[in-house]
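Before any comments, here is the structure.
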Amino acid sequence: MSTGSLLAVDLVIAVLAASAWLGGGAASVARRRPLALGLAAVALVATLARAITITALARAGWWFAAEKVLIAVPLSLAAVAVAGPRLLRARGDVRAVALALLFAGYATGSALLVTVLHGYPASAGAGLFAVAGVVAATVISGRALGARPSRPVSRAAVAVAVAALVTGTGLTVAPEATPAVPHDHGFPAAARISAEPTRRFTLTAGTTTVNADGRDVAAWAFNAQVPGPELTATVGDILEVTLRNRDIGRGVTLHWHGYDVPNDQDGVPGVTQAAVRPGQEFVYRFRADQAGTYWYHTHSASDVGVRMGLYGVLVVRPGPVGGLDVTVPVHTLTGRPLPAPTVQRVEAGVPVRLRLINTDSTTHRYALAGTAFLVAAIDGVDLRGPTPLVDTAVLIPAGGRYDLVFDAPATPVSLFVDGRAVYSTGPVSTTTGAWPVLDPLGYGAAAAVPWPRFDRTFTLVLDRGLDLRGLLPRYAHTVNGAADPDIPPQVVRRGDVVLFTIVNRSQVVHPWHLHGHHVLVLARDGEPAAGSPLWLDSFDVRPGEVWKVAFRADNPGMWANHCHNLAHADAGMTLHLMYS
Ligand SMILES: [Cu+2]
């Protein structure tokens with residue numbers, strides 16, 4: 001079983017255990033003996049079954065099991081130790097075991113809350129909070145049932161509650177002091193390149209209406225079109241892009257997704273520049289020194305902004321190219337897929353490059369039917385020694401790009417996205433749903449990792465948790481138990497080789513995206529990457545997965561480092577990489 005499934009199974013068992021204990025307690029209060037004993041038996045089995053799931057999770061990595069081992073196991077043992085013997089002795093009135101069963105329910109339930117609301121890392125504060133909750137709920141229940149706690153028990157309860165209050169701040173305070181991340185001041189000085197631009201573009205952001213899947217829908221667009229204009233350049237060009245904001249009230253910027261531009265051109269509001277307000281403009285200028293498939297999008301109110309249409313394609317070619325070269329950005333506008341580009345027919349034998357871009361916030365499955373093909377590049381970087389693929393699907397993470405190349409066959413070719421044909425040169429009678437999915441970590445020819453050692457290592461544990469820092473508590477997407485802006489930045493020096501371990505202990509996929517750098521994938525779940533070197537800027541960390549990626553810190557500045565499910569980024573899952 002995968003670690004992701006194990007996390008889900010353990011959660012289900014924990015919910016079952018806690019609710020069965022509580023249900024058994026309630027049934028015994030109501031003197032419904034068979035029901036009470038039946039539920040208690042279920043609870044006992046479920047509680048003991050967690051010994052298996054928690055052990056397996058701990059073996060998959062301490063990140064997955066820390067709070068379960070340190071908090072749930074002791075509380076579960078207490079539940080079994082208190083309720084078990086009383087159940088075995090329950091001869092007469094079943095009401096006699098009610099308080100024991102309720103105690104077991106509070107104990108397993110509060111441990112469950114620690115997992116769901118707090119997660120990783122486990123802290124003494126979280127443990128004491130859980131214990132204090134159990135004590136308080138048991139004392140209140142006991143009084144309601146007419147049982148008076150003894151004096152030592154009451155004293156112990158008060159002591160635990162006080163300790164919980166004192167240390168409980170550990171629940172709300174980030175583990176380390178947070179160096180300030182600049183917000184709307186102290187932006188990097190524009191180290192503007194002086195060379196004369198060779199490619200000039202103007203993008204004007206504004207509200208508009210576009211046709212999506214046959215219906216007119218409201219959109220936010222660059223130059224009144226979704227996607228925005230396709231920006232193309234040749235390596236060596238100096239791009240100058242003037243961004244104007246006509247009427248986007250939440251502000252606009254341009255972030256060059258996957259393009260490792262100088263920091264002051266990166267387009268992150270509050271970090272590298274101020275958001276461009278209605279009536280304002282900002283001029284971006286950078287040298288096109290990386291060939292490949294990229295895209296641009298607003299980073300101001302990015303969740304709603306990109307979803308509403310403020311994005312476009314950036315393609316940089318190494319020089320003149322022959323054959324057919326098409327970009328296929330896939331985007332969903334208010335729940336409707338946008339039309340793919342118009343199909344151009346070519347003679348058989350003509351080389352074709354399909355540049356697939358996922359501009360949505362969730363993974364898409366692409367299947368190219370009717371021809372063998374190569375995955376020539378991922379995230380703009382050419383793969384080493386790609387081999388032909390037939391009847392194989394690829395999964396592209398949010399923000400990711402795959403370049404598929406093939407020679408046009410004489411027969412039709414069809415590209416399916418999530419089972420829907422989006423780009424077809426003719427009818428292809430194939431169902432692609434059962435095709436195997438390419439694992440890029442095993443595709444192409446391997447090469448040695450270019451660094452013998454790492455100067456800095458960081459671990460990011462992705463989860464959900466209660467964020468109590470703002471005015472209103474929110475159920476945030478967290479990194480190491482904290483949510484933006486309270487996640488400590490990762491501080492590196494120029495020239496460092498940096499290793500990231502990224503762990504997903506949540507129930508959802510997190511497409512990870514570091515600005516300003518491509519990272520080299522080293523391993524996933526302990527298995528070293530065995531194919532072509534993979535230099536990615538967007539990669540899906542699925543539930544239960546552990547990724548190891550590394551990069552050389554060679555692009556100084558303050559860089560966003562976040563989940564590219566932009567709703568998650570907005571709900572806390574954003575931190576920063578900072579050069580000292
Ligand atoms: Cu995410």
Side-chain angles (χ1 to χ4, degrees), residues 2-5 7-8 11 61 63-64 115-121 174 255 257-258 268 271 295 297-307 311 330-332 357-365 379 395-401 418 458-467 469-470 474-490 500-515 517 519 521 524-525 536-549 559-577:
S2 73
T3 308
S5 310
L7 282 166
L11 189 64
W63 318 285
F64 299 116
T115 288
V116 172
L117 300 180
H118 180 64
Y120 182 90
H255 168 60
H257 186 111
V268 178
V271 177
W295 62 299
H297 62 80
T298 183
H299 222 285
S300 183
S302 62
D303 177 27
V304 58
V306 177
R307 205 160 12 94
Y311 72 95
V330 163
H331 194 80
T332 313
I357 309 176
N358 181 358
T359 66
D360 278 329
S361 267
T362 51
T363 316
H364 286 304
R365 183 181 189 276
D379 285 0
L395 293 178
I396 306 189
R401 289 89 58 212
D418 302 328
F458 298 99
T459 300
L460 289 83
V461 179
L462 315 180
D463 202 355
R464 291 208 77 165
L466 198 60
D467 176 21
R469 284 307 257 321
R474 60 173 180 166
Y475 197 38
H477 289 272
T478 57
V479 179
N480 299 339
D484 182 45
D486 298 325
I487 310 169
Q490 302 157 322
F500 280 177
T501 302
I502 307 181
V503 181
N504 185 353
R505 49 166 276 158
S506 79
Q507 304 290 329
V508 292
V509 176
H510 294 297
W512 205 255
H513 176 56
L514 169 65
H515 286 215
H517 310 73
V519 298
V521 179
R524 183 186 56 208
D525 297 341
L536 305 182
D537 55 64
S538 310
F539 50 97
D540 272 345
V541 184
R542 296 186 184 83
E545 282 187 348
V546 178
W547 285 63
K548 285 194 183 292
V549 302
W559 300 99
N561 185 18
H562 65 96
C563 178
H564 216 278
N565 183 321
L566 296 172
H568 297 178
D570 209 33
M573 206 169 254
T574 299
L575 68 158
H576 297 84
L577 175 77

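Values reported hereafter were calculated over all heavy atoms of this structure, with side chains retained and with hydrogens, waters and symmetry mates removed. Start at 1 and go down the list; that is how both ligands and their atoms are numbered.
Heavy-atom minimum distance, D525 versus E545: OD1-CA, 3.2 Å.
Counting backbone and side-chain atoms alike, H564 contributes no N/O/S atom closer than 2.8 Å to the Cu ion (ligand 1). Distances from the Cu ion (ligand 1) show that H510 has an N/O/S atom below 2.8 Å.
Looking only at its N/O/S atoms, H568 has ND1 as the one nearest to the Cu ion (ligand 1).
A donor-acceptor contact under 3.5 angstrom links the side chains of S538 and H257, judged on distance only.
Not less than 6.0 angstrom separates the ring centroid of H331 from the ring centroid of H297. Note: H515 and H576 fail the aromatic proximity criterion, with ring centroids not under 6.0 Å apart.
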